Amino acid sequence: MHSLDSSHLRLIWGIVDAHGLLIQGLSDEALCFWILKHIKDRLCLSYEEDHAVKQYVSNRIHLIRDIADTP
């Protein structure tokens with residue numbers, strides 16, 4: 001499995017931090033797709049990186065939602 005580097009991780013968590021209100025209204029599937037789309041808007045991802053981002057976000061949905069709900 002391809003691991004994510006620090007730039008991918010900073011980007012994911014920066015998106016979560018910046019868009020908490022929007023994230024709250026998305027389903028789990030939509031949330032994964034939305035974060036991946038925002039990352040792809042900024043970075044060119046290989047197939048392996050794309051898959052790694054999807055897995056990372058999917059495995060951390062509860063944490064992402066907790067952070068998004070924090071004022």
Side-chain angles (χ1 to χ4, degrees):
M1 176 178 193
H2 185 81
S3 62
L4 299 175
D5 65 25
S6 60
S7 64
H8 291 105
L9 296 174
R10 276 193 299 276
L11 188 53
I12 290 168
W13 292 107
I15 290 167
V16 169
D17 190 45
H19 299 284
L21 289 176
L22 177 68
I23 287 171
Q24 293 172 10
L26 298 175
S27 68
D28 289 353
E29 184 178 340
L31 175 56
C32 288
F33 177 78
W34 187 83
I35 289 175
L36 184 61
K37 181 195 174 307
H38 273 73
I39 291 172
K40 285 182 172 182
D41 287 347
R42 293 174 176 86
L43 301 173
C44 182
L45 299 179
S46 69
Y47 173 80
E48 291 83 13
E49 290 170 326
D50 184 280
H51 182 71
V53 169
K54 287 177 192 174
Q55 283 297 119
Y56 183 86
V57 171
S58 292
N59 291 336
R60 289 162 181 82
I61 285 290
H62 296 293
L63 178 58
I64 290 169
R65 292 201 181 281
D66 284 347
I67 291 171
D69 288 339
T70 303

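Bear in mind the structure is a predicted one, so any value in this text is a computation, not a measurement. Along the sequence shown, residues carry numbers from 1. These values consider heavy atoms only, across backbone and side chains, with no hydrogens, waters or symmetry-generated copies.
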Side-chain heavy atoms of V53 within contact of K40, under 4.5 Å: no
Treat each ILVMFWY residue as a node, draw an edge where side-chain heavy atoms are under 4.5 Å apart, and state whether L22 and V57 are in one component. yes
Can you name the nearest heavy-atom pair linking C32 to S58, along with the distance? SG-OG, 3.4 Å
For D41, all residues meeting side-chain contact (heavy atoms from CB on, under 4.5 Å), sequence neighbours excluded: K37
Does any part of the side chain of L26, heavy atoms only, come nearer than 4.5 Å to the side chain of F33, both counted from C-beta? no
Measuring from K54:NZ to E29:CD, what's the distance to the nearest 0.5 Å? 10.5 Å
Can you confirm whether H19 sits close enough to I35 that some side-chain heavy atom of one is under 4.5 Å from a side-chain heavy atom of the other? no
Could you state the interatomic distance from CG (L36) to NE2 (H51), rounded to the nearest 0.5 Å? 11.5 Å
Return the CH2 to CD1 distance between W34 and I39, rounded to the nearest 0.5 Å. 10.0 Å
To the nearest 0.5 angstrom, please state how far the CG atom of L4 sits from the CD1 atom of I12. 5.5 Å
In a check of side-chain contact (heavy atoms from CB on, under 4.5 Å) between H38 and each of V16, L43, I15, L11, which one passes? I15
Any salt bridge between D69 and R65, counting N to O under 4.0 Å? no
